[in-house]
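Notes for the one structure printed next.
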There are 2 protein chains.
Amino acid sequence: MDRRIPVDDRTGQRIVPDTARRPENRYGNRPTMKDVAARAGVGLKTVSRVVNGESGVTPDTERRVHEAIEALGFRRNDSARVLRKGRTASIGLVLEDLADPFYGPLSRAVEEVARAHGALLINGSSAEDPDREQELVLALCARRVDGLVVIPAGDDHRYLEPELKAGVATVFVDRPAGRIDADVVLSDSFGGARDGIAHLIAHGHRRIGFIGDMPRIHTAAERLRGYRAAMEDAGIPVEESWISLGVTDPERVRRAAEEMLSAPAPVTAIFAGNNRVTVTVVRVLAEHDRPVALVGFDDFELADLLKPGVTVIAQDAAALGRTAAERLFRQLDGTLITPERIELPTRLITRGSGELPPVD
Amino acid sequence: MDRRIPVDDRTGQRIVPDTARRPENRYGNRPTMKDVAARAGVGLKTVSRVVNGESGVTPDTERRVHEAIEALGFRRNDSARVLRKGRTASIGLVLEDLADPFYGPLSRAVEEVARAHGALLINGSSAEDPDREQELVLALCARRVDGLVVIPAGDDHRYLEPELKAGVATVFVDRPAGRIDADVVLSDSFGGARDGIAHLIAHGHRRIGFIGDMPRIHTAAERLRGYRAAMEDAGIPVEESWISLGVTDPERVRRAAEEMLSAPAPVTAIFAGNNRVTVTVVRVLAEHDRPVALVGFDDFELADLLKPGVTVIAQDAAALGRTAAERLFRQLDGTLITPERIELPTRLITRGSGELPPVD
DNA sequence: CTGAAAGCGCTAACAA
DNA sequence: TTGTTAGCGCTTTCAG
């Protein structure tokens, strides 16, 4: 290609062509449909037709266009397409932490549904920080994602009102939205926890510890509610020292477990509020001499291979994601109008740790 | 707002305003900067200035603009912005499977670096399918991501040449690119495997099995090479029946392990080529009567709590992702020019299973 | 300090 | 079957 800069014959000044005014390295100066059209000797719209597989193009013209595309390394600029069409064919997923083994399968399930609908997935981790959640959600909205799947960190989602009004499909997962009316898909945290506690009670336990997440997190609150309900059903008065809520980092959980276990009347069983808590409690119990029963919320890999196997209340993270994403696309179809709350059942999986008898 | 449709006085025909020709529900008819400008009684560019926090706007004007933004629920349309500016402030990540515990932390690490640079992360799973990898990568390029982090499934990436030429920053992770010259960040698979095998040999093993991934996957090939190197260093001739390569689904791995263990001269130790293989082998060994030593590539949660603890060659998935993402943004800076190959070291973590003596 | 005009690359509508 | 024109909503340039 000729790269010499043309010069005005009279003044000697450089004649800067229009394209030189483009921002430096704009898209790396990628070829556009116009360039392809020029090279193929056809009109712009014909290129558009070929690129989009529309009918009404002679095979010969089509071939010429394809050759030009190949030669120039053209790829359609979807930003322009989106600007015109108003649909991005992408959806956003905001979750707590992509590195958490609970969210991996959930995220993958959302991705699969998106893919089936020809959409890409943009995702972000809120790190359980409401401000970061909002920042992420709004960034996604600015990119005009067609829909949002949100595992909320915050409890006030009124900032989403303009988006909902504008027709951004939205489904909350794992925890409900705060102060707005929106679709939500969650596991039956209350029922699951109640079943788990009832299971421990059925095996003779009365002093049962509960170690959960921060109470502002909906699932944590619900699981605690399930704990209290099961205890009340069995007529067991709950000592508040059996309950520990807070961040689920290993240090805090370890301390909480050790306190419960070393109290004058120690707990004989522990209910762990989520997978991270369970894993930490397993470690603590491994170092503990007296056998202590354990039931955890969330299943996890290798739970069956530990000694004893860990009894859990399993929830299906992939089903959660799949259900949410499917609802999202039904909203986009227009099939779905009224926000609903969908609760998926949990399942008690007995593996040994939850069937240990109480030892004082 | 007046929503009556204006009518031509003379003919009685409806005068359809231009906006009515918008596609139905285009962005849900979201307000634009023009709408905000009209409402605030200012020019379009002033709104742009306020939205982008540029200087040179009277506090009073700014307040009026903010009020209009609030009242209308305006959010800037980044598609238009991108079209104009040529940068999307987003990067793409293509990996094998978001649900795999190895990729969760890697993905999260990439996200954190992206976030630090003000970019969003779009990701997709190739499901180890080269066609799907290409499809995803090109879709990301069409969206004009500023850069790509790719864990390749295929071994021919010449389709990326136009993108590289156009200045799309690209870093391969975990496995090198095929047939193009590109940055790559990987773990020392060869050295890690060699160390692991040497460790088993040092503990007296001679008949050592190797169960790995499909040989077309670079890491699998490298780990096998490490196995052969260690065996050769020790002067142990390798029986081909000790080696099994292929998809890492539990059924195949189980069959492979059982065959090695039930042969006339069975292996006394197994080297597992990745985390999924390791977990399956652990299950097989748990059902096996004779103790068999095990070293796995990749660390995994709870490896220390199994009986015996599982000795592994650990690689740092987060470091892999972080390093790759940092290189990506250095490419975008212009700091980095020449493609390099960066190899991160692995670490042998002894926990018991790799120190079991051979039992015939 | 503010605004009008041009145009990013594409698609929709219409014309030939 | 093909091409022309007019924007999508924003940023850039340049003139008030």
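By convention in this document, chain letters (A, B, ...) are assigned in the order of the sequence lines, proteins followed by strands, and residues within each chain are numbered from 1. For clarity, every value in this text was computed on a predicted model and none was experimentally measured.
Put simply, Thr61(A) has a side-chain N or O that comes within less than 4.0 Å of OP1 or OP2 on dT2(D). Contact annotation: Arg84(B) does not reach the phosphate of dT12(D) (side-chain N/O to OP1 or OP2, under 4.0 Å). Contact annotation: Thr58(B) side-chain N/O to dT2(C) OP1/OP2 distance is under 4.0 Å. For dA12(C), the OP1/OP2 oxygens have a side-chain nitrogen or oxygen of Lys85(A) closer than 4.0 Å. At least one side-chain nitrogen or oxygen of Arg76(B) sits closer than 4.0 Å to the OP1 or OP2 atom of dT11(D).
For residues 44-54 of chain A, proximity to DNA chain D is found at Lys45(A), Thr46(A), Arg49(A), defined as any non-hydrogen atom under 4.0 angstrom from a strand atom.
Taking the screw axis at each terminus of the helix from dC1(C)-dG16(D) to dA16(C)-dT1(D) from five consecutive base pairs, the angle between the two is 30° to within rounding of 10 degrees.
In this structure, Met33(B) atom CE and dT2(C) atom P are separated by 16 Å, rounded to whole Å. For the pair Arg87(B) CZ and dT11(D) P, the computed distance is 17 Å after rounding to whole Å. In this structure, the CZ atom of Arg81(B) is 17 Å from the P atom of dG9(C), given to the nearest Å. Regarding Lys34(A), its NZ atom lies at a distance of 7 Å from the P atom of dC8(C), rounded to whole Å. Taking atom CZ on Arg30(A) and atom C1' on dC8(C), their separation rounds to 15 Å, with Å as the unit. Computed from coordinates, the Asn77(B) CG to dG9(D) P distance equals 7 Å when rounded to whole Å. Separating the CG atom of Leu83(A) from the C1' atom of dG7(C) is a distance of 12 Å, rounded to the nearest angstrom. Rounding to whole angstrom units, CZ of residue Arg143(B) and C1' of dG9(C) are separated by 16 Å.
Of the charged side-chain nitrogens involved, none lies within less than 4.0 Å of a carboxylate oxygen, so that Arg39(A) and Glu70(A) do not count as a salt-bridged pair. Note on Arg132(A) versus Glu112(B): salt bridge recorded, some NZ/NE/NH1/NH2 to OD/OE distance being below 4.0 Å. Checked for salt-bridge contact, Glu67(B) and Arg63(B) meet the test: a charged N lies under 4.0 Å from a carboxylate O.
Across all non-hydrogen atoms, the minimal contact from Asp155(A) to Arg179(A) is O-CG, 3.9 Å.
For the atom pair CG (Leu93(A)) and CZ (Arg108(A)), the distance works out to 13.5 Å, reported to the nearest 0.5 Å.
Side-chain contact check for Asp35(A) versus Met33(A): every heavy-atom pair is 4.5 Å or farther apart. Side-chain atoms of Arg158(A) and Glu161(A), non-hydrogen and from C-beta on, do get closer than 4.5 Å to each other.
Using modelled atom types, one side-chain atom of Glu133(A) and one backbone atom of Gly154(A) make a donor-acceptor pair closer than 3.5 Å.
Relative ring orientation between His157(A) and Phe172(A) is described as perpendicular, the plane-to-plane angle rising above 60° on a 0-90° scale split at 30° and 60°.
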